[in-house]
J.: 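Starting off with a structure, shown below.
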Amino acid sequence: MNHMPESVQESAGHWQRDLASAIRSVDALLERLGLSADQFQGFASEATLRRFPLLVPESFVNRMEHGDPADPLLRQVLPFGDEDRDVAGFVSDAVGDLQARRGPGLIQKYAGRVLLITTGACAVHCRYCFRRDYPYVDEPRRLEEWSAPLAMIAEDTSIHEVILSGGDPLMLNDGRLETLCRQLDEIAHLERLRIHTRLPIVLPSRVTEALIRLLQSLRVQPVFVIHSNHANELTGDCAEAVKRLGRSGFPVLNQAVLLKGINDTVEAQEQLSRRLMQLGVIPYYLHQLDRVSGSSHFEVPESLGLDIHRRLRELLPGYGVPRYVQEIPGRKSKTELPDIL
Ligand SMILES: *Cc1c(COP(=O)(O)O)cnc(C)c1O
Ligand code: SF4
């Protein structure tokens, strides 16, 4: 990194400072937004918050409406008392990750592509997260521990794509990320390196010149799948970061989750798709909520999802309509709704 101009080196450390200053308590978040606790129906218990604390960077908070308890960004990160409820059908491993685990850090459900759990860390804690109970402590942490999953990928010539996931793979610092990417790049049968990340949305300062140059230097084709649920997320520094990824030559796709009270209207979905297209991003998937414990209050009935989706097809160009999908354990691909057996 010594040859880089100073300004670029500085920006490389910026995101870590932004992360360190993220908001980590309900009280601090409410105060920052000019809200009070009695505008809500109660928050998650201490026990729930110890397991999955509130976490949200300033940049994301800046895009919330001051004084609005129903803000769609706020509602993705506020831990409501509903999280403590035990609801039939909502379980800890809703998508069958553990039965699809091929080895340390490696999940394979579908032909030709494997998912690498690179870290348990995220820059934001989305309260509906399907991996909120994932046993990350069992997965590789130090670089040396990646040698086992990397060897498995190297041995299996049917694998053409590695998906860096987590947690959020861009939480790795540049050094670790580069080591991992270069090792994967050497595996001749790999064609693509997919990065599933929410950091361009919640911590846009992570999209640095150094990151872009690293990915541009690879033999494999990088593909970004970002995770934005609402058009209000895609403004300011986030919009700049997202646009920059596309203009740096990477395909950028978006996946969203259909969330009650957040984006469960035709208008919200239409706005989201239009904002994404405006920034050069193709809407890829709209996920029906994975039924993970503590997330039942986010669930939108499939019938409403189908109505919204039908209307989107009438309002948007074909490439602006995400596929409405559900992840059903044991299937060979994501399941498009309404094609459920
Ligand atoms: C969702 C998922 C993928 C990616 O599926 P695509 O349809 O290729 O986007 C890959 N592996 C696992 C384990 C997944 O859950
Ligand atoms: S960024 Fe993704 S993995 Fe991280 S908390 Fe949100 S949904 Fe979960």
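One-based numbering, in listed order, for ligands and for the atoms of each. Predicted model, so just to flag it, every value in this text is computed and none were measured.
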J.: Distances under 2.8 Å only: what protein N/O/S atoms are near atom 6 (Fe) of ligand 2, ordered by chain and residue?
T.: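 Counting only protein N, O or S atoms under 2.8 Å from atom 6 (Fe) of ligand 2, the list reads Cys126 SG.
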J.: Hey, is the main chain of Asp156 close enough, under 3.5 Å, to the side chain of His189 for a donor-acceptor pair?
T.: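 Answer holds: yes.
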J.: Side-chain donor-acceptor pair under 3.5 Å between Arg63 and Ser59, yes or no?
T.: yes
J.: Taking NZ, NE, NH1 and NH2 as the nitrogens, is one of them in Arg32 or Glu58 under 4.0 Å from a carboxylate oxygen of the other?
T.: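 Yes, this pair counts.
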J.: State the CG-NE2 distance between Leu19 and His14, to the nearest 0.5 angstrom.
T.: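 These two atoms lie 13.0 Å from each other.
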J.: Would you check ligand 1 and list the protein residues that come within less than 4.0 Å of it by any heavy atom, ordered by chain and number?
T.: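 Contacting ligand 1 under 4.0 Å are Ile107, Lys109, Tyr110, Arg113, Leu115, Ile163, Arg194, Tyr284, Tyr285, Glu327, Lys334.
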J.: Among Arg85, Arg75, Arg127, exactly one meets side-chain contact (heavy atoms from CB on, under 4.5 Å) together with Phe80. Which residue is that?
T.: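 With Phe80 as partner, side-chain contact (heavy atoms from CB on, under 4.5 Å) holds for just one option, Arg75.
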J.: If the threshold is 4.0 Å, N to carboxylate O, is there a salt bridge linking Lys109 and Glu327?
T.: yes
J.: Do we see a donor-acceptor contact under 3.5 Å between the side chains of Tyr134 and Glu139?
T.: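 Per modelled atom types, Tyr134 and Glu139 side chains form a pair under 3.5 Å.
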J.: Treating Gln216 as the side-chain partner and Ser248 as the backbone partner, does any N or O pair qualify as donor plus acceptor under 3.5 Å?
T.: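 Checked: pair present.
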J.: Go through the side-chain N and O atoms of Arg198 and Ser228 and say whether any donor and acceptor fall under 3.5 Å apart.
T.: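 There is no such pair between these side chains.
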